[in-house]
Amino acid sequence: MNVELADERFLILTDRFSMDHAEGRASTKRIDAFGTLAKVTGFLTKPKEDDFELVYRERRLQPFWRLTCAADYLYERTRRYAVKVPPAVETVAAYGQTLSAVEGEITFEGLETCREAVRKESLYDALTKQPDGALSRYLQYDGVAVAPDALQAAAGEDTIVVPPVAKAPELIRDALSGVITRIEADRVLEEKIRVKAVELYYRPIYAFRYRWQNKEAIVEFDGLTGEVKAGGSTFESYLGKVMDPAFLIDASVEAATLFIPGARLAEIIVTKGISLAKG
């Protein structure tokens with residue numbers, strides 16, 4: 001089996017908004033962020049602007065993976081075909097054969113040449129490792145390809161680059177399972193599996209943590225869609241750290257092994273990872 005694996009690419013999606021714009025939009029969701037208690041209080045006595053304290057804000061680049069896989073099969077197999085004929089037919093002479101009709105059918109054997117092509121795009125949240133088709137909405141936005149050792153510089157000094165929890169090899173195993181299929185063949189002429197794209201995207205998110213009546217809550221602003229939502233997370237623990245592009249390319253240490261229907265094994269012999277180092 002011929003397995004082709006594309007090189008990893010890193011892309012930063014271009015932010016459409018500024019920090020000031022994001023903060024202004026986030027402020028409209030402060031009451032929602034504090035839940036039912038804040039809404040009830042706001043209904044009775046509307047909180048003043050000074051009642052909310054902005055205690056932390058961040059711009060971060062949050063990762064997701066895009067993998068595009070393809071499988072192509074060319075194979076032969078022998079099959080018997082049954083063709084119905086009128087009741088009066090006893091025999092049919094064709095292609096140098098005389099075929100007898102049995103119960104209104106003639107049967108003959110033929111060699112099929114078959115070609116199958118399967119394509120699939122998979123998107124994964126790089127922090128939870130879970131497939132997330134909703135991430136496809138971010139693919140419409142412009143992005144800039146960067147080298148792994150230039151991620152932090154391209155992001156900006158005050159931006160947190162969140163490292164992916166999910167690494168490429170483990171996701172490749174899952175993505176390939178969506179295109180590898182069982183084929184019924186007497187002879188396989190061509191069997192090619194390709195991972196055509198292994199791309200780590202970074203999308204901009206703004207997060208603001210507010211304090212009100214000794215409670216804290218977070219509001220997030222999407223730097224691409226402009227959506228604002230109450231709740232979310234902050235990643236200040238990564239502030240001041242930079243990405244360390246330590247890529248491990250050692251097939252003998254870690255190979256992604258797949259069981260393929262038909263008792264064949266394919267090995268994706270590339271292992272890559274990203275770690276954090278103190279800046």
Side-chain angles (χ1 to χ4, degrees), residues 7-30 33 52-67 123-129 132 134-168 171 197-211 216-247 272-279:
D7 292 334
E8 288 181 6
R9 295 180 68 224
F10 300 84
L11 300 100
I12 297 177
L13 297 176
T14 305
D15 203 326
R16 300 175 58 230
F17 303 94
S18 67
M19 174 65 82
D20 289 341
H21 179 88
E23 184 176 334
R25 292 286 305 282
S27 67
T28 65
K29 290 285 187 180
R30 290 176 298 186
F52 295 99
E53 179 187 0
L54 178 61
V55 295
Y56 175 77
R57 67 179 189 173
E58 74 179 18
R59 178 183 184 270
R60 68 176 184 265
L61 295 179
Q62 188 160 312
F64 69 91
W65 285 101
R66 172 179 175 263
L67 284 81
L123 297 166
Y124 298 88
D125 185 315
L127 301 184
T128 67
K129 304 184 182 181
D132 187 354
L135 292 167
S136 61
R137 63 179 176 162
Y138 295 113
L139 299 179
Q140 64 180 301
Y141 298 103
D142 294 334
V144 178
V146 296
D149 56 355
L151 272 171
Q152 189 65 57
E157 184 176 344
D158 298 326
T159 296
I160 296 172
V161 179
V162 183
V165 174
K167 301 304 194 307
L171 297 183
V198 183
E199 297 174 337
L200 184 63
Y201 283 83
Y202 279 94
R203 61 187 182 94
I205 296 178
Y206 295 85
F208 303 89
R209 189 164 67 244
Y210 296 95
R211 182 178 294 131
E216 292 188 353
I218 296 170
V219 177
E220 285 188 353
F221 176 83
D222 192 309
L224 294 174
T225 67
E227 295 176 351
V228 184
K229 72 172 186 177
S233 305
T234 57
F235 289 78
E236 57 259 52
S237 62
Y238 292 112
L239 192 62
K241 297 182 179 180
V242 297
M243 300 295 290
D244 179 15
F247 294 102
K272 296 182 180 180
I274 300 177
S275 60
L276 280 174
K278 289 187 177 181

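Heavy atoms only: backbone and side chains are in, while hydrogens, waters and symmetry mates are out.
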Does any non-hydrogen side-chain atom of Y124 lie less than 4.5 Å from one of L135? no
One should read off an interatomic distance between D222 CG and D15 CG, to the nearest 0.5 angstrom, of 9.0 Å
State, with a plain yes or no, whether a side-chain heavy atom of D125 is found less than 4.5 Å away from one of F64. no
Do R25 and Y206 have side chains that get closer than 4.5 Å, going by heavy atoms? no
Between the side chain of Q140 and the main-chain N/O of R137, is any donor-acceptor distance below 3.5 Å? yes
Students often mix this up, so state it plainly: with edges at 30° and 60°, are the rings of H21 and F17 parallel, tilted or perpendicular? parallel
Any idea which heavy atoms bring E216 and V55 closest together, and the distance? OE2-CG2, 4.0 Å
Do the side chains of P204 and L61 get nearer than 4.5 Å, heavy atoms only? yes
Checking W65 side chain against L171 main chain: does a donor-acceptor pair fall under 3.5 Å? no
Side-chain contact test, heavy atoms from C-beta onward, threshold under 4.5 Å: evaluate it for Y56 versus I218 and give yes or no. no
Could you measure the distance from the CG atom of L200 to the CG atom of L67? Nearest 0.5 Å is fine. 10.0 Å
Closest contact, heavy atoms only, A155 versus R59: O-NH1, 3.5 Å
Kindly indicate whether the side chain of Y202, heavy atoms from C-beta on, has any atom under 4.5 Å from the side chain of T159. no
Is there a side-chain contact between L123 and L139 (heavy atoms, below 4.5 Å)? yes
Please list, chain by chain and in numerical order, all residues satisfying side-chain contact (heavy atoms from CB on, under 4.5 Å) with A26, sequence neighbours excluded. F208, Y210, V219
Exactly one of R203, R60, K29, R57 clears salt bridge (charged side-chain N to carboxylate O under 4.0 Å, His left out) with E220, and that residue is R60
In the structure I gave you, are the side-chain heavy atoms of M19 and D158 within less than 4.5 Å of one another anywhere? no
Quick one: do E8 and K167 make a salt bridge, cutoff under 4.0 Å? no
Under the 3.5 angstrom rule, does the side chain of E199 hit a backbone N or O of L11 as a donor-acceptor pair? no
Could you measure the distance from the NZ atom of K229 to the CZ atom of F221? Nearest 0.5 Å is fine. 13.5 Å
Quick one: does any side-chain atom of R30 pair with a main-chain N or O of S27 as donor and acceptor, under 3.5 Å? yes
Taking all non-hydrogen atoms of both residues, which atom of S233 and which atom of A207 are closest, and how far apart? O-CB, 3.7 Å
Of all heavy-atom pairs linking F235 and I160, the shortest is O-CD1, 3.3 Å
